[in-house]
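Proteins get letters first, then strands, A, B, ... in listed order; numbering begins at 1 in each. Note that the coordinates shown come from a computational prediction; the quantities given were computed from them, not determined experimentally.
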Amino acid sequence: MEHPLFIYNTLTRKKENFVPLNPPFAGLYVCGPTVYGDPHLGHARPAITFDVLFRYLQHLGYRVRYVRNITDVGHLENDADEGEDKIQKKARLEELEPMEIVQYYTDRYHEFMDMIGVRRPSIEPRASGHIIEQLDMIDKIIKNGFAYEVNGSIYFDVEKYHKKFNYGKLSGRVLEDLYNNTRDLDGQGEKKKSFDFALWKKALPTHIMRWPSKWGQGFPGWHLECSVMSTKYLGETFDIHGGGMDLLFPHHECEIAQSVAANGQESVKYWMHNNMITINGQKMGKSLGNFITLEELFTGKHKLLEQAYAPMTIRFFILQAHYRSTLDFSNEALKAAEKGLIKLMEVCKQFDKIQPESKSTIDVKKIESELYVSINDDLNTASLIATIFENSKLVNRLVAKEDSISAEDLGTFKNLIHTFVFDVLGLAEASSAGTSSEALKVAVELLLQERVEAKKRKDFAACDRIRDRLAEAGILVKDTKEGFEWSLK
RNA sequence: GGUCUCUUGGCCGAGCGGCUAGGCACCGGUCUGCAAAACCGGCUACUCCGGUUCGAAUCCGGAAGAGACCUCCA
């Protein structure tokens, strides 16, 4: 590889050359959604970030197994409902079976991820489908002496673990600080230390989501599923583990501890974390109540939204920032992304208008190199997009015959841009937000054809009348050299 | 309170010691019956104060502001 791929490893805080453990295979595990609510903008970021990684690794020729879990067991809540499962709580409110909720939101998640061009992972395991494996791992951890039982619950003994290994290596936490700074929370009493975490929780009588175990009825702790399912499908050690930065601590720290405690070795070679999406500078989060669902984004029905945005606009918006930077939401930024994407799509189409010449005055090799340098620099999609835009001028010059290109170079150039835009970045034409029915299409095009005729007769009054009336109805007309284009506003 | 991160032009956002991305907006121009679109061109920023250096948005120290994690979260 002429330009090797570098990715930022949270574990070492450095950009590292990506070298898979077992080439040509590459293993990727990403923390997926907890399916108890509609997918929102915050879900889109990791999904898209790691989708690009998935696509790019495949582009590089790796045989990638991408595992992204569905958390359907639910996490323990620490509020007044003492120990009530999130999914269970929602279920009670809506009077549905917990699994019904899980199914519904899983489907919703898939539906919206499909819309923003996120490819389905190779395996999408559910926590509820891996209870046996989770119990097995708990056994291993107990056997190795890093967990203890209290009243039918099993806790991970962080202090004991830390004597032998390093708890806090990923997040940079110091155990002593943690001890001094952990707040008093519900159920702390059972644990030896406040920073110990549950591997298995005894189910209260009201708890519906429960499974039998040798310690009685209960449910798995909230970090366990990822350790278990990544091990099961990718092996005790695998290449890349990704997720949101908010999962860094405690979730991923605990995952490391669990895997090491059970298997005696590090599980992950490269840890990758995407940054948050902010709204007015503040994190968009479920608990903050300031999140915007993807459905709201696509329909424009949210008090912060000035208009609807196409799914591809959202993808482009996210890709225009580097994944490790926070990305601030605003209508202005989204509108800019909308136009930028249109322009990018336009550039891709321009290739077909280029007439090849006998020789090239442009350096396609150099362009290729620039593109790879961008993406290989820790998946810098922002820089990659910028590079493509820079070359858009060149494309237009070629169309205008101000530069020339050989047939061979043209093929390479077009393939290069198209590969990056469509295959790697996974972008596509933003389908006009409102779905136009076939009948509408026929009617509008009939009218516009009439308008073309009127124009030929130089009956501009009729021309303008048609255009104005359509505009009033929300249909935007644009004249092109070939004829016309229209879109729903 | 502890730990960590960030601060770039009107807005969004790259940047990792010299070449100062890119998008949107804006202003010119070309094109067009007009408009829109498209295309071409213009627009040189880096929170503040010190320091290192021939040279700093980029490195070091300090100040101010913002944010994240420490609790479910993508």
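- Across all strands shown, nothing is found opposite B/rU20 as a Watson-Crick or G-U wobble partner with both distances under 3.5 Å.
- Of the P atoms belonging to B/rG18 and B/rC60, the separation is 15 Å, rounded to the nearest Å.
- At the phosphate of B/rA14, OP1 or OP2 sits under 4.0 Å from a side-chain N or O atom of A/S325.
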Subject >> From CA spacing to verdict: side chain to side chain contact (heavy atoms under 4.5 Å, CB included), A/I417, A/L371 >> reply: CA-CA 9 Å; A/I417 298 295; A/L371 293 167; 4.2 Å; yes
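- Going from atom CG of A/D196 over to atom P of B/rU71 covers 13 Å, rounded to whole Å.
- Distances shorter than 4.0 Å separate some side-chain N or O of A/N380 from OP1 or OP2 on B/rG15.
- Donor-acceptor pairing under 3.5 Å, judged by distance alone, is absent between the side chain of A/R467 and the base of B/rA36.
- At a threshold of 4.0 angstrom between heavy atoms, the contacts of A/Q282 are confined to the sugar-phosphate backbone, with no base atom among them.
- Here the nucleotide nearest the side chain of A/A321, chosen from B/rG33, B/rG13, B/rC73, is B/rG13.
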**OP:** Apply ring pair (Phe, Tyr, Trp, His ring centres under 6.0 Å) to A/H273 and A/H252, showing your working.
**Re:** CA-CA 10 Å; A/H273 292 93; A/H252 291 157; 4.9 Å; yes
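- Of all nucleotides listed (B/rC40, B/rC16, B/rA14), B/rC40 comes nearest to the side chain of A/N396.
- Using a 4.0 Å heavy-atom criterion, one finds that A/K15 contacts the bases of the nucleic acid, with or without backbone contacts as well.
- B/rG42 and B/rU5 are spaced 37 Å apart, taking the C1' atom of each and rounding to whole Å.
- Of the nucleotides present, B/rC70 is the one that pairs with B/rG1 by Watson-Crick or G-U wobble criteria, both distances under 3.5 Å.
- With a cut-off of 3.5 Å on both pairing distances, the Watson-Crick or G-U wobble partner of B/rU7 is B/rA64.
- The only option from A/T10, A/D378, A/T49 that meets the side-chain hydrogen bond (donor to acceptor under 3.5 Å, both in side chains) definition with A/R324 turns out to be A/D378.
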Subject >> Nucleotide-resolved protein contact map, nucleotides 19-29 of chain B, B/S/- at heavy-atom distance under 4.0 Å >> reply: --BSSSS----
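- Across all strands shown, the partner of B/rU30 is B/rA38, judged by Watson-Crick or G-U wobble contacts whose two distances both fall under 3.5 Å.
- Counting non-hydrogen atoms under 4.0 angstrom, A/L327 reaches the backbone sugars and phosphates but no base.
- A gap of 15 Å separates the P atoms of B/rC4 and B/rA63, to the nearest Å.
- Annotation: the span from A/M209 atom CE to A/M99 atom CE amounts to 3.5 Å, rounded to 0.5 Å.
- A/G42 comes within 4.0 angstrom of a nucleotide base, judged by non-hydrogen atoms across all strands.
- Between the base of B/rC4 and the side chain of A/R173 there is no donor-acceptor pair shorter than 3.5 Å.
- Of the two residues near RNA chain B, A/V347 and A/H43, the one whose nearest nucleotide lies more 5' is A/V347.
- A cation-pi arrangement is absent between A/R45 and A/Y323, since the terminal nitrogen or guanidinium carbon is not both under 6.0 Å from the aromatic centre and inside a 45° cone about the axis.
- Residues A/L394 and A/I367 are in side-chain contact: their nearest non-hydrogen atoms beyond the backbone lie under 4.5 Å apart.
- No side-chain heavy atom of A/I116 sits under 4.5 Å from any side-chain heavy atom of A/F112.
- Residue A/M245 is out of contact with every strand shown, counting any heavy-atom pair closer than 4.0 Å.
- Going from the P atom of B/rA25 to that of B/rC39 covers 12 Å, rounded to whole Å.
- Look at the C1' atom in both B/rC27 and B/rG50: the space between them is 40 Å, to the nearest Å.
- Judged by distance alone, with hydrogens and angles left aside, A/D328 brings no side-chain donor or acceptor close enough to the base of B/rG13 to form a pair under 3.5 Å.
- Of the residues A/Y155, A/F156, A/F195, the one that meets the ring-ring contact (aromatic ring centres under 6.0 Å, His included) test with A/Y161 is A/F156.
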